[in-house]
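This report refers to the structure that appears directly beneath it.
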Amino acid sequence: MISIKNIRDNPQLVQDSVVKKGYEGSIVEINSIDKKYRLITKNLEESRAKKNVVSQQVAESKRNGFNADDKIAEMKKLGESIKSLEEELNIIKNHLKIKLYEIPNLPHVSVPDGESEKDNVTIREWGLKPDFDFQVKTHQDLGRELKLIDFERGAKISGSGFPLYTGQGAKLERMLINSMIDHHIDKYDFSEIFPPVLILEESMRTTGQLPKFKEDMYLSELDNLYLAPTAEVPVTNIHRDEIILESDLPINYVAYSPCFRRESGSYGKDTRGLLRLHQFNKVEMVKFVKPEDSYAALEELVLQAESILQLLGLTYRVIELCSGDLSFSAAKCYDIEIWSPGEKQWLEVSSCSNFEDFQSRRGKIRYRSAVDKKVNLLHTLNGSGLATPRLMVALLETYQTKSGSIIFSDSAAEFLGMKEIK
RNA sequence: GGAGAGGUGGCCGAGCGGCUGAAGGCGCUCCCCUGCUAAGGGAGUAAUGGGUUUAUAGCCUAUUCGAGGGUUCGAAUCCCUCUCUCUCCA
C-alpha cells in the first residue's frame, strides 16, 4: 500500500507513476473519496467530543446526587447521530481501503521506464555459454535417461506441473536446498526459518498477493487458507503488527519452502519439463531494514543470490526490470537468469526486490528509532536464493557429457556434495 | 471433541459500570548525588487517525485494554459470537 498522504499531496504524480505499472484506476477518484472520509471523520469526532463532555457532566451530577435527566436525554440523541455517522464512515472507509489495496507500488526513480520485458536492462553477465562437441540433450532427456525426474508419474499423482524427483534426482534436489540454506547462513548473516505454508488471507494481503492475485493461488476453501506461492509470504509476516527495536535491524532470514502456483495466466508458455511448475522448491531470503539502508541491501541481496551461481559455475546475467515489468508490490527489482544450453534460452531463477514500505504499511511492520524513539515503517526486501527447478535444468544441461552422464565441476561438486550422476 | 483459566502499554501486572489511557513494578531516556564500580534521589516514557502548522515540532481532538457485535445516557469492566494461549479430560 502506498501512503494516503502521498495521494493527497501529489495525486497527479502518483497517477503518472502507477500508470507505468499498468494501474487502470483513478487516483483522483480515490482522492475525492478520501476527502469525503475526512469530512465525515471530522463531524463524527466533534459529536464524540461533545458526548465525552456531557458524559462527564452526567457522572459528576450522579456523584453529587443531582438529577441528570435532561443531560441523559441529550446524550441519547447524540448517541443516535453518532451511530448513523459511524455507519456512513464505515462504508466509506471500506470503500477507500479496497481502492488503496489495489494500487501498485510506485517504481523507484532509478527504475528504467518501459512497457514490457523487452525494455529490461542487462546489468551484468557472468560466465560464458558453454560449447559442446556433441549433440546436447535437454534436461528432459537427461532426466528421463538417468531416472532423475518422472514427469508421467508426477502427473499421475497430482496432474501436470508436479514433478516427481527420483533417485539421484531427488538427492540432487535435496542437496541443492540444503547447500543453499547453509551457504546463506555460513557465508552471510542469515537466520534460518522453516515456515508454515498454509497461509491466512491477512498474511497474503501484507505481501500483496491479495486482493489482486487471488486466482494465482491455491486455496483450501473449507479453511480459507492459501498455499504459499513463495516463502516471502510467511517469512515477511513473521513481524506483521510488530514494532522492532532499531538495534535489532537489519533482520535477515533465509527459509526453504515448497511454492505453489496455479499459473493460471500462462497456459502453454514454457511448460516443457521443469520450466514452469505448479509446485516447486525455493530458498528465499527476506530482509527487514531501515528505510535509508534498503537500496544498499538490495544490491547486497543480488550479490548474495549470485554467489551461489558462481559456486555452481552456471552462466548467468542480472537484469534490471523496467517499470512496466515490475511486480505489483516492488519498487525496484533485479532478476537473475541462467543459461540453459539445452533450451538455448535464459531462465529466471531469482527475483530480488525492494518493496520499500509497501508491504510494511500493509502489515504494520515497524521499528522504533534508537535516536528519537519514534515508530516508523521499515523496508522489506526479498530475493530467491534460489528456485531449484531451473537450477536443475541448467546444472544437468551444463554438466552433461558425451556419454550421457553428468559430471559437475569441482566447485559445484563441493557445493552439492555430489560429483557425478550416471 | 469435552471442561476450565486467561489474552490490558516495550515487558510483567492491577483494575471488574462514570473520578482509569489505564495503579504498581521492570526496562528505557534525561537530571542530581556518589572521584571508578555498585547503590541512591527526582522527572519523563503508547500507538494510530483527523484538524492546525513550513513541519514526522508544538497544540487541539478522536479512537484503541485479543477481534467483532450487543446492553447502557456512559463499558477495560456486563452479555453474545469468534479467535489465540495455557491447564485438565477424552
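From a predicted model like this one, the values you see are computed outputs, not experimental measurements.
Following rounding to the nearest Å, E202(A) (CD) and G68(B) (P) show an atom-to-atom distance of 11 Å. Atom CG of L100(A) and atom C1' of G49(B) are 14 Å apart (whole Å). At whole-Å resolution of the value, CD1 in I243(A) and C1' in G10(B) are 8 Å apart. When the P atom of G51(B) is taken as reference, atom CG of L44(A) falls 14 Å away, rounded to whole Å. To the nearest angstrom, P of U48(B) lies 12 Å from CZ of R361(A). Between D69(A) atom CG and C73(B) atom C1' there is a gap of 10 Å when expressed in whole angstrom units. The distance from atom CD of E60(A) to atom P of G17(B) is 21 Å, rounded to the nearest whole Å. Whole-Å rounding puts the E242(A) CD to C11(B) P distance at 10 Å.
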- request: Give the C-alpha distance, both sets of side-chain angles, the deciding distance and a yes or no for side chain to side chain donor-acceptor pair (under 3.5 Å) between Y334(A) and E299(A).
  value: CA-CA 9 Å; Y334(A) 294 106; E299(A) 298 301 322; 2.7 Å; yes
query: Checking salt bridge (Lys or Arg N to Asp or Glu O under 4.0 Å) for the pair E337(A)/R390(A): CA distance, chi angles, key distance, verdict?
result: CA-CA 9 Å; E337(A) 299 178 337; R390(A) 291 168 178 173; over 6 Å; no
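Partner assigned to G74(B) is none, using Watson-Crick or G-U wobble distances below 3.5 angstrom. Under the Watson-Crick or G-U wobble criterion, with both distances below 3.5 Å, C86(B) is paired with G4(B). Base pairing of C65(B) is not made with any nucleotide, judged by Watson-Crick or G-U wobble geometry with both donor-acceptor distances under 3.5 Å. Pairing for C36(B) is absent, judged as Watson-Crick or G-U wobble with the two contacts each under 3.5 Å. A 3.5 Å limit on both hydrogen-bonding distances identifies U29(B) as the Watson-Crick or G-U partner of A43(B). Across all strands shown, G58(B) pairs with U52(B); the Watson-Crick or G-U wobble distances both stay below 3.5 Å. Remark: G9(B) base-pairs with no nucleotide in the shown strands. Criterion, Watson-Crick or G-U wobble with two distances under 3.5 Å. Base pairing annotation: U20(B) forms no Watson-Crick or G-U wobble pair, as no partner gives both donor-acceptor distances under 3.5 Å.
The side chain of R366(A) places no N or O atom within less than 4.0 Å of a non-bridging phosphate oxygen (OP1 or OP2) of G10(B). N376(A) has no side-chain polar atom (N or O) that falls below the 4.0 Å cut-off from OP1 or OP2 of U56(B). Between K62(A) and G18(B) there is no side-chain polar atom (N or O) within less than 4.0 angstrom of OP1 or OP2. Between A62(B) and N43(A), no contact under 4.0 Å exists linking OP1 or OP2 to a side-chain N or O. A close approach under 4.0 Å does not occur between any side-chain nitrogen or oxygen of R38(A) and OP1 or OP2 of G49(B). Between R368(A) and the phosphate of A47(B), there is a side-chain N or O to OP1/OP2 separation shorter than 4.0 Å.
Taking the six-membered ring where tryptophan is involved, the planes of Y253(A) and H239(A) are essentially parallel, since the angle between them stays under 30° and well short of 60°. Aromatic ring orientation, Y316(A) versus W126(A): parallel (interplanar angle below 30°, classes split at 30° and 60°).
The P atoms of G18(B) and A76(B) are separated by 10 Å, rounded to the nearest whole Å. Comparing C84(B) with A67(B), their P atoms are spaced 15 Å from each other, to the whole Å. Going from the P atom of A43(B) to that of U53(B) covers 37 Å, rounded to whole Å. When the C1' atom is compared between G6(B) and G74(B), the two are found 27 Å apart, to the nearest whole Å. Distance check on atom C1': G13(B) versus C88(B) gives 25 Å, rounded to whole Å. If you take atom P in U81(B) and the same atom in G2(B), they sit 13 Å apart, rounded to whole Å. When the C1' atom is compared between A90(B) and G69(B), the two are found 33 Å apart, to the nearest whole Å. Comparing the C1' positions of G21(B) and U64(B) gives an interatomic distance of 9 Å, to the nearest angstrom.
Closest to the side chain of M75(A), out of U56(B), U61(B), G74(B), is G74(B). You'll find that the side chain of S55(A) is closest to G18(B), out of G70(B), G18(B), U61(B). In this structure, of A47(B), U63(B), C73(B), it is A47(B) that holds the atom nearest to the side chain of V375(A). Listed nucleotides: G50(B), U71(B), U63(B). Nearest to the side chain of R8(A): G50(B). Closest contact between the side chain of K374(A) and the listed nucleotides U56(B), G50(B), U48(B) involves U56(B).
Side-chain contact annotation: Q12(A) with D16(A), donor-acceptor N/O pair under 3.5 Å present.
Ion pairing between R48(A) and E86(A) holds under the 4.0 Å rule for side-chain N and carboxylate O. A salt bridge is defined here as a Lys NZ or Arg NE, NH1 or NH2 lying under 4.0 Å from an Asp or Glu carboxylate O, and K76(A) with E80(A) fails to meet this definition.
Shown here for G363(A) and R240(A), the closest heavy-atom pair between the two residues is O-CG, 3.2 Å.
The residue among T41(A) and E46(A) whose nearest nucleotide of RNA chain B is located toward the 5' end is T41(A). Residues Y37(A) and N90(A) both approach RNA chain B. Their nearest nucleotides, taken by heavy-atom distance, put Y37(A) toward the 5′ side.
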